[in-house]
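Beneath this line is the structure, given in structure tokens, with notes to follow.
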Number of protein chains: 2
Amino acid sequence: MNTQSTAHSKKPHHHGDLRRALVQAGIDLLEEGGLPALTLRKCAAKAGVSHAAPAHHFNGLDGLKAAIAQEAFRRFSASMLTAAEVGDPSPRGRLKSICRGYLHFGQTHPALLQMIFGVTPEEMEAADTDTPGDHEKGTNAYQILSEACAPFVPAGTDPRIVEIQVWSLAHGFTLLALPGRFIEGGVDHTDALFDQVMALLNHVGPTVSPASP
Amino acid sequence: MNTQSTAHSKKPHHHGDLRRALVQAGIDLLEEGGLPALTLRKCAAKAGVSHAAPAHHFNGLDGLKAAIAQEAFRRFSASMLTAAEVGDPSPRGRLKSICRGYLHFGQTHPALLQMIFGVTPEEMEAADTDTPGDHEKGTNAYQILSEACAPFVPAGTDPRIVEIQVWSLAHGFTLLALPGRFIEGGVDHTDALFDQVMALLNHVGPTVSPASP
DNA sequence: AGGGCAAACTTGACACTGTAAAGATAACAC
DNA sequence: GTGTTATCTTTACAGTGTCAAGTTTGCCCT
């Protein structure tokens, strides 16, 4: 009918997986020149196709942006997951490693982070909803964070509170520390500041007064 | 020579303070249709001038964006200041009121917040640097926050740590709770969640034995 | 095998955008 | 009054997204 559900089994006709090529070209453009460099025509040129070809794989520019955001989100999740696996395996160490992965991804791929969290609702609606196996079990960034927060959720409380506490702190710092933004300083200085800021999480969950109201 | 430093005393030639009119037109467009609706030509049309007129008052679109960001920052600061003045005057109450003003501004003017914190370095360079009396004493948002954080800075530590802890938390939550984004729910639900998340600040600075409830 | 058929692209066009150069106009200095 | 300068207009051009029509290519079915 509408979508090519054959994306992974059969091979397309002319180009051979042009959809993925366009997404990758868009990511390249994004990393090179930031948001204003992302252009349907430039993506098409980079993939070696005509300027109107992307319109058949995505629902216009918004659809391409949504697809890029999905792929960026996938890489973002992977970045946090690997950061968690190589660090301190204790619950608190794992949580901090994930947050560090959050910051690291923002420092190294600012445009992709901007893409992930800057996509507007209307752009999301333009996404082709046929992304099977995308939000799989452990690969979702929010689920990774949620599981890392679980040990610090006081019994009987809404786990989303702790999750959003951690998420807001990491997200806010990462955005403020984006290159050329409000928190100045080199990478090492930013890292040290990040650790000191994240020390606030030592007071999260079952801490000082375990049996509070 | 270059700029009309007569912005407040004499009146310009044709239009009469077109610079301010263009900035206001841009803000209106931004609030109505979001970032993609902000256009030099639409601003010019809304101000009743030719489509190329803005180029003489701003350094291209980037300059207009920077000017709008400055004005938005001014209103943002005012929003936090008034929120601080009408709330609990205790140090902790004042700090939380400011954070609530942060969130409230983001909920009511999401495009302006995006403008303030989304302006790129190159766009900032395009700003006309002749904004006298702009970063005045108490009107700077960061100074407001800094002064509100001062009572919670442990002696001998860098005050920026507490400031960035508070700033990151408020900034992160506000962005995640932007309408149609990652934190769902109505305004009242968001407010309640915000209070619970911001409870993390009870552990900032001189902790565990607070004099206030 | 061969005819149809749909999907994957191409081509051409249009409206809209930012930007630059050159011309008109009005306020001001003298 | 005369000249000058800043303000704004006009005109033009390259680049953008999007639509409508055409062209090619692989696949399916009889």
Side-chain angles (χ1 to χ4, degrees), chain A residues 1-23 25-26 29-30 33-68 120 122-123 125-128 130, chain B residues 1-7 9-23 25-26 29-30 33-68 120 122-123 125-126 128 130:
Chain A
M1 299 276 282
N2 48 355
T3 65
Q4 73 302 355
S5 59
T6 75
H8 63 298
S9 58
K10 313 173 191 178
K11 63 177 70 172
H13 308 260
H14 295 57
H15 179 277
D17 210 356
L18 187 135
R19 185 183 170 104
R20 195 177 307 272
L22 286 172
V23 168
L29 287 169
L30 223 37
L35 261 165
L38 177 59
T39 285
L40 277 182
R41 292 172 115 102
K42 280 192 233 168
C43 283
K46 210 160 213 194
V49 292
S50 180
H51 69 263
H56 289 260
H57 290 273
F58 309 99
N59 196 356
L61 181 61
D62 287 353
L64 175 63
K65 281 184 177 175
I68 290 178
T120 65
E122 50 207 359
E123 286 167 354
E125 283 183 3
D128 301 352
D130 63 326
Chain B
M1 293 291 284
N2 50 353
T3 66
Q4 75 302 355
S5 61
T6 74
S9 58
K10 313 174 192 176
K11 63 176 73 174
H13 309 261
H14 294 56
H15 178 278
D17 209 355
L18 187 137
R19 185 183 170 103
R20 195 176 306 271
L22 286 172
V23 169
L29 286 170
L30 222 38
L35 260 165
L38 178 59
T39 285
L40 277 182
R41 290 171 117 104
K42 281 191 230 169
C43 283
K46 209 158 219 208
V49 292
S50 182
H51 70 263
H56 291 261
H57 290 273
F58 308 99
N59 196 356
L61 180 62
D62 287 353
L64 174 63
K65 281 184 178 175
I68 289 178
T120 65
E122 49 207 359
E123 286 168 353
E125 283 182 1
D128 303 353
D130 63 327

Quiz item: When we call it a touch if two heavy atoms are under 4.0 Å apart, what does A:A52 touch: a base, just sugar-phosphate, or nothing?
Solution: base

Practice problem: Classify the nucleic acid contact of B:A55 as base, sugar-phosphate or nothing, counting any heavy atom under 4.0 Å across all strands shown. | Solution: nothing

Quiz item: B:K65 NZ to C:dT17 C1': how many Å, rounded?
Solution: 12 Å

Quiz item: Would you say the base of D:dG15 and the side-chain of A:R41 have a donor-acceptor pair closer than 3.5 Å?
Solution: no

Self-check item: Least distance between heavy atoms, A:A44 atom then A:S50 atom
Solution: CB-O, 3.1 Å

Quiz item: NZ of B:K46 versus P of C:dT17: gap in Å, rounded?
Solution: 13 Å

Quiz item: With sugar-phosphate meaning primed atoms plus P, OP1 and OP2, does A:T39 contact a base, only sugar-phosphate, or nothing at under 4.0 Å between heavy atoms?
Solution: sugar-phosphate

Practice problem: Report the distance from atom NZ of A:K42 to atom P of D:dA14, rounded to the nearest whole Å. | Solution: 17 Å

Practice problem: Find the distance B:L29:CG to C:dC16:C1' and express it as a whole number of Å. | Solution: 15 Å

Practice problem: Would you please test B:R19 and B:F58 for side-chain contact (heavy atoms from CB on, under 4.5 Å) and show each step? | Solution: CA-CA 8 Å; B:R19 185 183 170 103; B:F58 308 99; 3.6 Å; yes

Self-check item: Atom-pair distance (CG on B:L40; P on C:dT19), nearest Å
Solution: 6 Å

Practice problem: Starting at NE2 of A:H57, measure out to CG of A:L22 and round the result to the nearest 0.5 Å. | Solution: 6.5 Å

Quiz item: Whole Å only: how far is the CG atom of A:D17 from the P atom of C:dA7?
Solution: 18 Å

Quiz item: Under 4.0 Å: is that the gap between some side-chain N or O of B:H51 and OP1 or OP2 of D:dT11?
Solution: no

Exercise. Measure from NE2 on A:H56 to C1' on D:dT18 and round the result to the nearest Å.
Key: 11 Å

Quiz item: Are A:I68 and A:L38 close enough that some pair of their side-chain heavy atoms sits under 4.5 Å apart?
Solution: yes

Self-check item: Worked check of side-chain contact (heavy atoms from CB on, under 4.5 Å) between B:L40 and B:L64
Solution: CA-CA 8 Å; B:L40 277 182; B:L64 174 63; 3.6 Å; yes

Practice problem: Measure the distance from CG on A:L18 to C1' on D:dG26 and round it to the nearest whole Å. | Solution: 16 Å

Self-check item: Side-chain N,O (B:H57) to OP1/OP2 (D:dA6) below 4.0 Å
Solution: no

